[in-house]
2 protein chains.
Amino acid sequence: MKMEGGSTPNALLGLLSLRPMSGYDIRQMVSRSIGHFWSESYGQIYPGLKRLAAAGLVEKKTERNKGKPDRNLYSLTADGRERLQEWLKIPVAEETARNELLLKLFFGVHVAMSVNREHVASNMEFHQRALKVYTAMAKQLRRDKANDPNLPYWLMTLNYGRHHSAAILKWCRETLAELDEIESKGKRRK
Amino acid sequence: MKMEGGSTPNALLGLLSLRPMSGYDIRQMVSRSIGHFWSESYGQIYPGLKRLAAAGLVEKKTERNKGKPDRNLYSLTADGRERLQEWLKIPVAEETARNELLLKLFFGVHVAMSVNREHVASNMEFHQRALKVYTAMAKQLRRDKANDPNLPYWLMTLNYGRHHSAAILKWCRETLAELDEIESKGKRRK
DNA sequence: AGATACATGTAAGTTGTTACATGATTAC
DNA sequence: GTAATCATGTAACAACTTACATGTATCT
């Protein structure tokens with residue numbers, strides 16, 4: 001009974017600390033609430049919950065529904081809560097995230113300028129959309145979760161997204177301008 | 001002969017477009033030049049080069065050295081260069097990167113405030129160091145690679161890092177202040 | 001009639017890291 | 001003498017995604 005390592009099982013414990021959920025619920029939560037900084041697929045969630053149950057960190061209760069399929073509701077046990085708290089205390093291991101956009105831009109000399117511009121432009125659109133989503137989510141949270149002790153923490157994660165997207169947006173604008181400059185310099189020389 | 005998918009083989013082609021290199025050289029390059037947005041381990045590099053050679057995208061030449069061990073120098077073939085260019089044109093797939101710091105902060109209500117503060121503080125230090133590194137690298141590049149057609153592109157990737165780290169730094173400062181506020185509010189109520 | 005939401009799970013495949021195995025040379 | 005750098009590779013393991021398999025109910 002190891003249950004060490006990966007953050008996935010710990011993420012599951014964290015989500016179950018909010019309320020008892022099924023694997024399906026968890027998937028919804030991940031893509032809706034924490035989708036801007038986390039992801040989990042069914043292939044991780046269902047086997048993960050099974051392992052957590054075997055380790056006694058979560059409890060499974062099957063909810064039978066007429067018409068609708070059965071739901072396996074998982075809830076955190078005392079051991080599970082303890083485990084979650086221990087994990088939360090462990091310093092975050094910062095690994096350099098791979099960034100395919102930067103990799104392609106790094107080799108940008110090999111392609112037409114329009115290609116590089118396209119990459120940056122679509123990244124720009126991505127972060128423009130993201131900013132709108134963050135703002136909408138923050139508004140909704142402040143309305144629906146006023147008085148929820150989680151609120152300030154949740155807003156912090158949204159703020160991270162805001163700062164990040166705003167910065168990248170600025171970089172995109174600057175970079176597009178620079179790409180134009182490179183092109184016009186190249187043309188002038190011809 | 002598939003050679004589709006993953007960006008790793010394409011990253012290898014890109015690096016070999018700069019100059020012929022050995023697997024060892026590539027590892028050095030990755031950790032020194034593009035380490036702030038990419039990573040590759042030997043376990044990926046050596047088998048990857050072998051597969052690229054089998055597909056005719058790179059060529060291997062063994063360089064025998066007295067005293068020192070042999071070096072397997074790989075260089076890009078015409079096919080390899082073409083493949084690289086094709087890949088560079090493919091739009092970047094943006095996937096949400098997992099962020100363990102945000103995940104832990106999201107569940108911050110479960111632990112003592114000092115724990116959350118520590119996470120944010122060490123992230124702050126990380127980005128402070130990163131900013132210095134980016135600045136030093138940009139300076140060095142401008143000196144060593146003036147006239148290199150790659151220079152503007154390489155500076156763009158460094159600029160991304162600058163914008164990103166500066167933004168996260170700002171977020172860290174704001175977040176530390178907010179954490180202090182939550183704590184003092186909690187104490188006032190007692 | 002067909003798409004979407006609800007609901008659970010497995011299997012295969014991909015991708016990646018870490019540790020191991022080996023061994024010479026050079027700098028301290 | 002011992003640690004670091006040079007140099008290549010494999011094997012075992014860990015993590016994660018996607019597609020598949022199955023079936024009902026509701027909405028359009």
* For A:R98 and A:P47, take the nucleotide of DNA chain C holding the closest heavy atom to each; which residue's nucleotide lies nearer the 5' end? ->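 Nearest nucleotide further toward 5': that of A:P47.
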Do [X] and [Y] have side chains that get closer than 4.5 Å, going by heavy atoms?
| X | Y | answer |
| --- | --- | --- |
| B:K145 | B:W154 | yes |
| A:N10 | B:L103 | no |
| B:L169 | B:L131 | yes |

Nearest whole angstrom, please: distance from the [atom2] of [N] to the [atom1] of [X].
| X | N | atom1 | atom2 | value |
| --- | --- | --- | --- | --- |
| B:R71 | D:dT8 | CZ | C1' | 12 Å |
| A:I45 | D:dT17 | CD1 | C1' | 12 Å |
| A:E40 | C:dT8 | CD | P | 16 Å |
| B:L49 | D:dA7 | CG | P | 15 Å |
| A:D70 | C:dA7 | CG | P | 10 Å |
| B:E63 | D:dA7 | CD | P | 8 Å |
| B:Y42 | D:dA12 | OH | P | 22 Å |
| A:R27 | D:dT17 | CZ | P | 9 Å |

Kindly point out which of [options] is positioned nearest to the side chain of [X]?
| X | options | value |
| --- | --- | --- |
| A:S39 | D:dT17, D:dA7, C:dT8 | D:dT17 |
| B:Q44 | C:dC6, C:dT17, D:dT8 | C:dT17 |
| B:S41 | C:dA7, C:dT18, D:dA7 | C:dT18 |

* Give the ring-plane orientation class for B:H110 versus B:F107, where under 30° counts as parallel, over 60° as perpendicular and anything between as tilted. =>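 Plane angle between 30° and 60°, so tilted.
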Verify the contact: side-chain N or O of [X] to OP1 or OP2 of [N], cut-off strictly under 4.0 Å; return yes or no.
| X | N | value |
| --- | --- | --- |
| A:T8 | D:dA15 | no |
| A:Y46 | C:dT8 | yes |
| A:Y24 | C:dC6 | yes |
| A:K50 | C:dT10 | yes |

* Which is true for B:G43 with a 4.0 Å heavy-atom rule: it touches a base, it touches only sugar-phosphate, or it touches nothing? ->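 Base, at least one base atom sits under 4.0 Å.
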* To do: Could you tell me whether B:Q28 contacts a base, only the sugar-phosphate backbone, or nothing, with contacts defined as non-hydrogen atoms closer than 4.0 Å?
  =>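 Contact class for B:Q28: sugar-phosphate only.
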* **Result of checking B:H164, B:H36, B:H163 against B:Y134 for ring-ring contact (aromatic ring centres under 6.0 Å, His included)** =>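 The passing option is B:H36.
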